[in-house]
Structures are given as C-alpha cells and as structure tokens.
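Okay, structure first, notes after.
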Amino acid sequence: MNFTSTRSAQNMTSAAAITRGIAADGGLFVPCEFPELSYAKLLELADMDYIGRAKEVLKLYLTDYTEDEIDYCVRGAYTNTFDNNIPAPLAEVAPGTEMLELWHGPTCAFKDMALQLLPFLLVKAANKTAPGRTIVILVATSGDTGKAALAGFADVPNTRIVVFFPENGVSDMQKLQMITQVGSNVSVCGIEGNFDDAQSGVKKIFTDDAIRSTLDKMNMEFSSANSINFGRLVPQIVYYVSAACDLIKAGKLAAGSKFNVAVPTGNFGDILAAYYAKQMGVPIDKLICASNRNKVLSDFLATGVYDRNREFYTTSSPSMDILISSNLERMIYHAAGNDAVLTARLMKELSEKGRYELPADVLAKLQSEFFGGYCDEQGTAGTISKLFKENNYLADTHTAVAANVLEQYRKATGDQTLTVVASTASPYKFAASVLPALTDAAIPENGFEQLELLSKLSNTPIPAPLAGLKGCEVLHKNCIAKDNMAEFVLNFLK
Ligand SMILES: *Cc1c(COP(=O)(O)O)cnc(C)c1O
C-alpha cells in the first residue's frame, strides 16, 4: 500500500506518512487505493474481539509494518485502557438507532480510540524512517485531542509533545484535564484566540523551513497527532468495521442490507473514517454529517461553497467549534476522482481568500454520499433532554447534535434505515451543559459538584478519569499570544 498527497503525486510508505504527519506540499497523505473487506471477511471478523478486528484492518493499510509490530501496537493500545476492554460498544437507544460509544477510554472522548494507538504506530514508524531521532508532536486542540494526545504520549521514550488550546474555548473539565498532565516530555499552553488560530499556528510551524532545520540540528523532527495524520485515521476506520461486525452478530444486519451513520463533525476526521470504511466494503449507505451552530460544513454540502469568512461561535459542543475542517481536503480529493491539481487549487483559494467553490460534478458526488445538517444550542439541549426522558439515554452535547440532525434527516427523507450514531464524549465531560437539559434546579459552580449532581440525576457512575482529577496539581499555567507559538515550542525543546 502506497500513500500520496492530496496536492501532488507522491509515493510514500505508511511509516513515512505517519512520521511526517503532513506532506511537504502542505497536503494530506491518502492511500493510493482502498483495500477490500468482503462480507465474508466481516463475518470472520465478527467472531473476533476488538483487538483482533483492529489488527486485520490495520494490516490492510500498514503493509510496511510486520504482523508482529501491528500485534504489539494494537495490544498496547487497547489492553486495559478502555472500560471492560470493550473500546467501542454499541448501545441501542431505540429500535433502529444504535449509539456507538467511543468514550470509554482514559480521557472520556472518542479521540482516545486513535490516540491510544498513534504513539505505538509513530514510534515504530520513526524507527523505520528516522532511527535515533526524537519525534516532536505538535497539537492544536479544540479540547479533546489535547488531553487524549497527552495521555497517549506522556513519557513515551524519544518523543516530546506540545499542546496548544484556545484559552477560553474549551470546557472547564477539558482544561483541567490538560493543565494537570504529568510527564517529563509534555508541555501545555493556552492561546489567546480560537481553535482555528491554534491550528493555523501549528501548521505554520510545521511548514517553516528555518524551524525545521533548527530541529534537524537537535536531531529532532516534527510530527502531528492531529487528525490530519493518517495514523489517526486508520484506527477510526476500525470502529466502523467493528460496529458492522457487532450488528451482524446481533442479527441486526443481514447480508445485503446496509446501515447509515450519523456523526457529530468538526475536523471531518471521524466521518471520513466512515467513508473509508464504506469504500472498503462495509455496508454503509448514507453518511449524515452533523454540525453545531458553526455550520460551515452543512452550508458547504448544500451549496458547494466553502466559506470560512463568517462569525465564529463558542458553543456547548466545543470540539466541533471549527471553521476550517482539515480532513475535508481528503474527501474532496477522493470525490474529485483523486484529483490533486484541483484539490491544491481549492486549498490555495481557502488559505488566500477563506473561500472556494466546488465544481458541480464533485458537489453532486458529495451530495450522493452525505447528508449535511446542523443543530443550534436550543436543539442540542432539547435533544439531550428528550433522549434522557424518552430513551433513558444520557448523551453529551456533541452526540446530541448528531442525534438531532439524524431526526431531521429522517423527517426530511423518510429513510428509516438502521443508523449508527457516533457517541463521541462522555456526558460527564460536559456536565455544565448537560445538566440544564435535565433539571430546572440551580447548577453548582464547582465542576466536581456538577459531576456529583449529574451522577445523582442520571443514576450513572462518574467516570474514574474525571473523578480522579480532583486535587490534581495544576502544572501548566502558560497562556500566550498566537504569534508567539513558534518561540514557545523552541524554548521548550531547548
Ligand atoms: C473531536 C470531536 C468531534 C469532532 O470530530 P472530527 O473528527 O473533528 O469531525 C466530535 N465530538 C467530540 C466529543 C470530539 O472530541
């Protein structure tokens, strides 16, 4: 399996694509073809546990890793790190609607699914492509990636990690998770700005030749743990495969029938993984792309015009507060028939004007695969409340956005196909926003009292990783202007 860039023809191994994170031309690495997963193979996988399924999927993409290496990486990532050793269980909320719960890992959000595995993949990849070098991970986070990456990379030999987050753009619990992170190789820093500022700043550092050569002299090199890294995409494909297996096993997905997926979307990584699974042969029909009030994606899917020149809103689903959806670049490349010239031109327009328009045929292709919709703050709260009262299901704000848009889709189309909703965070991570949807009582100011109240109201346990934050020392107190990110990184590495 070879990898190329979305912006020019290249020929890379998966190890090179994973170590570099982003292509030298600024594009993203994509597989040159999609490996096939037949229904017979799915039946075989249905009898395996998550680790077995993950190994089989990874093997198809990471052909330059040995089977032993893949076995080591997957076992390391998914053994004793997720509740009951079941990383991605399905929970039926109503007949025909299944929640794919991706938040049973160490940081209580779906980013763990990929970021528990990425450090293993990256260290093996670096051993192949850059032996003896220290890998420096730079992360821009809208909240969940940061902590998940820190948890994955803390004290991993030959790695350093720097995480930037929007100082006022993440939930209290998300912030506390990050600024209390221990580890001799970690650094965490707030940015005066929003997520897009943090992401643009990181991209700028990555592509700055002077900084790269400074690192080179220190025998270091950058890599990315953001969802632009193919090493994050491939673990995400696994849970859609696994969901299909579980549906087959439960007798809910017969041979020849399909299911839809509904995904709360920000950077387009999670839903892109579903698209990849579909290309491989997983029987997925419609991909329902759900946005919050920052609805740049649902506008794009409706009109073909991507326009980031708009107001940025801070919402109760902060991990989706994004106006530049990085992984969409991969989707455009594929939808345009692997057209790197077109993709490069559109991405140039995006960076210069903040706007581009898709050719009509590419838009038609996207619209045949995706349904785009959005849900505002009131709709999010209403959906949390409804799911809890009618279905006895406690959803977080992000998951609620997807459930709401799914309902809109069903009303608009009459399509009642079995649907898997990506449930992306524990409701406890966003207790301050979830609680008002459940009760009229006053919400306590203190984050830990909020957890207690949520537990009492819902009769569910507080996840141990969140309860355990109580009393942890704050270790990272920096907050800097967005123009000072490069300086901050170099200071840390010295
Ligand atoms: C990151 C995140 C999302 C968005 O996922 P993308 O891959 O960026 O589209 C949704 N929900 C939660 C809880 C997240 O952390």
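Keep in mind the model is a prediction, meaning the values are calculated, not measured. Whatever order the structure lists them in is the order used to number ligands and atoms, beginning at 1.
- Salt bridge annotation for Lys295-Asp376: absent, with no cationic side-chain nitrogen under 4.0 angstrom from a carboxylate oxygen.
- Ligand 1 has no atom lying under 4.0 Å from any heavy atom of Ser227.
- Looking at Thr424 next to ligand 1, an N or O pair under 3.5 Å apart turns up.
- By the 3.5 Å distance cut-off applied to N or O atoms, Asp270 is counted among the residues near ligand 1.
- Pro264 O, 3.6 Å is the protein heavy atom nearest to atom 10 (C) of ligand 1.
- Residue Lys429 does not touch ligand 1, judged by heavy-atom distances below 4.0 Å.
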Arg232/Asn229 under side chain to side chain donor-acceptor pair (under 3.5 Å): CA gap, chis, key distance, verdict = CA-CA 6 Å; Arg232 266 192 62 185; Asn229 192 318; over 6 Å; no

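- Taking the six-membered ring where tryptophan is involved, the planes of Tyr356 and Tyr306 are essentially parallel, since the angle between them stays under 30° and well short of 60°.
- With respect to Asp246 and Arg53, a salt bridge is recorded, a charged nitrogen being found less than 4.0 Å from a carboxylate O.
- In this structure, Thr265 OG1 and Ile288 CD1 are separated by 10.5 Å, a value rounded to the nearest 0.5 Å.
- Look at Glu369 and Lys365 and you find a salt bridge, because one of the NZ, NE, NH1 or NH2 atoms lies within 4.0 Å of a carboxylate O, short of that distance.
- Looking from atom 8 (O) of ligand 1 to the surrounding protein, the closest heavy atom is Asn267 N, 2.7 Å.
- Atoms of ligand 1 lying under 4.0 Å from any heavy atom of Gly269, numbered from 1 in the order shown and given with element: 6 (P), 7 (O), 9 (O).
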Is there a salt bridge (charged side-chain N to carboxylate O under 4.0 Å, His left out) between Asp299 and Arg310 once you walk through the steps?
-> CA-CA 12 Å; Asp299 288 348; Arg310 59 176 72 209; 3.0 Å; yes

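- When Ala273, Gly266, Ser423 are ranked by how near their heavy atoms come to atom 9 (O) of ligand 1, first place goes to Gly266.
- Minimum heavy-atom separation, Ala149 to Leu115: N-CD1, 3.6 Å.
- Of all atoms in ligand 1, listed by their number and element, those nearer than 4.0 Å to a heavy atom of Asp144 are 12 (C), 13 (C), 14 (C), 15 (O).
- Applying the 4.0 Å criterion to heavy atoms of Ala425 picks out, from ligand 1, the atoms 13 (C).
- Only the backbone of Phe268 comes within contact range of ligand 1, with a heavy atom under 4.0 Å; no side-chain atom does.
- Residue Thr265 places no N or O, backbone or side chain, under 3.5 Å from any N or O of ligand 1.
- Summary of contacts: the protein heavy atom closest to atom 1 (C) of ligand 1 is Lys111 NZ, 1.4 Å.
- Side chains of Arg7 and Thr343: no donor on one and acceptor on the other come within 3.5 Å.
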